[in-house]
Visitor: 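The structure's right below; bear with me while I get my questions together.
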There are 2 protein chains.
Amino acid sequence: MTAQRRVVAEVLDGEHVHLTADEVHARAVAKLPEISRATVYNTLGELVSLGEVIEVSTDKRAKRYDPNAHRPHHHLVCAQCGAIRDVHPTGNPLSDLPDSERFGFTVSDVEVTYRGLCPNCAAA
Amino acid sequence: MTAQRRVVAEVLDGEHVHLTADEVHARAVAKLPEISRATVYNTLGELVSLGEVIEVSTDKRAKRYDPNAHRPHHHLVCAQCGAIRDVHPTGNPLSDLPDSERFGFTVSDVEVTYRGLCPNCAAA
DNA sequence: ATCCTACATTGGACTAAGTCCAAGTCAAGG
DNA sequence: CCTTGACTTGGACTTAGTCCAATGTAGGAT
């Protein structure tokens with residue numbers, strides 16, 4: 001556990017947000033100016049493998065990193081401004097997929113993304 | 001409706017697959033050698049706005065284009081080799097999202113991605 | 001306390017995917 | 001036949017991310 005890794009972990013711990021790798025890097029630099037982008041990518045990759053952080057691809061551009069990995073949840077995204085909220089739907093989508101629709105796959109995970117307009121963008 | 005647009009539409013009509021923009025371009029070039037990448041992107045963008053084609057971001061790298069836009073469906077992706085199948089789960093995830101979890105959003109769409117291993121990769 | 005070694009970090013080059021734009025082309029109407 | 005406007009082209013540019021060789025460092029062994 002090096003200083004760099006601690007800083008990256010701190011950035012994600014701080015508030016519960018969904019940051020891109022570049023945003024994580026920017027905030028990490030604020031705490032430890034000489035940290036490099038490569039290290040941020042490495043560390044994020046490790047956190048993901050450890051299951052501490054989830055990669056979310058709600059955005060077409062960049063992956064986002066969600067530190068709220070321990071409580072299963074899904075995402076609600078504003079199609080206009082890109083705002084993201086964590087949501088907890090009832091029911092388990094995995095049980096909605098009958099065997100006949102699994103094509104022999106071993107299905108282990110499901111990711112649900114709701115899209116719509118946030119109150120702000122809907123008003124505008 | 002120009003020759004270029006017809007070719008792009010044909011490429012997507014042919015078989016029911018999930019192609020990246022580059023794959024679409026490659027196949028379009030086979031039919032109309034002088035077609036440019038920019039035109040393919042433009043045309044794909046228009047098809048998406050028209051609702052003829054769906055953008056799928058199952059892959060971390062490139063967007064994929066799914067011509068099966070008229071029958072609502074979701075996707076099952078192999079975490080290893082990236083194979084994609086269309087699936088039709090029972091139930092409607094939209095109804096699984098209570099008002100209290102909508103944060104004032106106008107929710108209009110939901111995208112479900114199942115992940116797992118395809119028979120091939122599971123065997124290996 | 002010092003040395004070693006393995007691993008972490010750095011920075012810069014590189015790639016992939018996509019966007020943007022100025023200039024060229026083409027078809028249709030006048 | 002000329003003009004107009006939309007479509008297309010190709011290349012430069014941007015963004016996100018990966019790779020790699022060189023350097024630095026933490027912590028165990030001595």
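In what follows, chains carry the letters A, B, and so on, assigned in the order in which the sequence lines appear, proteins first and then strands, with residues in each chain numbered from 1. Values reported hereafter were calculated over all heavy atoms of this structure, with side chains retained and with hydrogens, waters and symmetry mates removed.
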Visitor: Please state how far atom CG in Leu32(A) lies from atom P in dG11(C), giving the value in whole angstrom units.
Guide: 11 Å
Visitor: Check the surroundings of atom CG in Asn120(A): do more than 12 heavy atoms from other residues, nucleotides or ligands lie under 6.0 Å from it?
Guide: no
Visitor: For the residue pair Ile54(A) and Tyr65(A), establish whether any side-chain heavy-atom pair is separated by less than 4.5 Å.
Guide: no
Visitor: So how far is it from Glu55(B) CD to Lys63(B) NZ, rounded to the nearest 0.5 Å?
Guide: 4.0 Å
Visitor: Considering only nitrogen or oxygen atoms on both sides, find all protein atoms under 3.5 Å from nucleotides 6-8 of chain C and state each distance.
Guide:
unit_1	atom_1	unit_2	atom_2	d
dA8(C)	O5'	Arg5(A)	NH2	3.2

Visitor: Using a 3.5 Å distance criterion without hydrogens, assess whether the side chain of Gln4(A) forms a donor-acceptor pair with backbone atoms of Ile35(A).
Guide: no
Visitor: With side-chain hydrogen bond (donor to acceptor under 3.5 Å, both in side chains) as the test, pick out the partner of His75(A) among Thr58(A), Asp86(A), Thr113(A).
Guide: Asp86(A)
Visitor: First contact, last contact: which nucleotides of DNA chain D are these for chain B, 5' to 3', heavy-atom distance under 4.0 Å?
Guide: dC7(D) to dG10(D)
Visitor: Does one side chain, of Asp66(B) or His73(B), offer a donor that lies under 3.5 Å from an acceptor on the other?
Guide: yes
Visitor: Could you run through nucleotides 13-19 of chain C and give me one letter per nucleotide, 5' to 3': B if any protein heavy atom sits under 4.0 Å from the base, S if only the sugar-phosphate is that close, - if neither?
Guide: ----SBB
Visitor: After noting the C-alpha distance and the side-chain angles of Arg64(A) and Glu23(A), does the key distance pass the side chain to side chain contact (heavy atoms under 4.5 Å, CB included) rule?
Guide: CA-CA 9 Å; Arg64(A) 293 180 173 274; Glu23(A) 285 162 358; 3.7 Å; yes
Visitor: Look at Arg5(A) together with Glu46(A) and state whether they make a salt bridge at an N to O cut-off of under 4.0 Å.
Guide: yes
Visitor: Measuring only between side-chain heavy atoms, which start at C-beta, is Pro89(A) closer than 4.5 Å to Tyr114(A)?
Guide: yes
Visitor: Roughly how far, to the nearest 0.5 Å, is CG of Leu32(A) from CD of Glu10(A)?
Guide: 9.5 Å
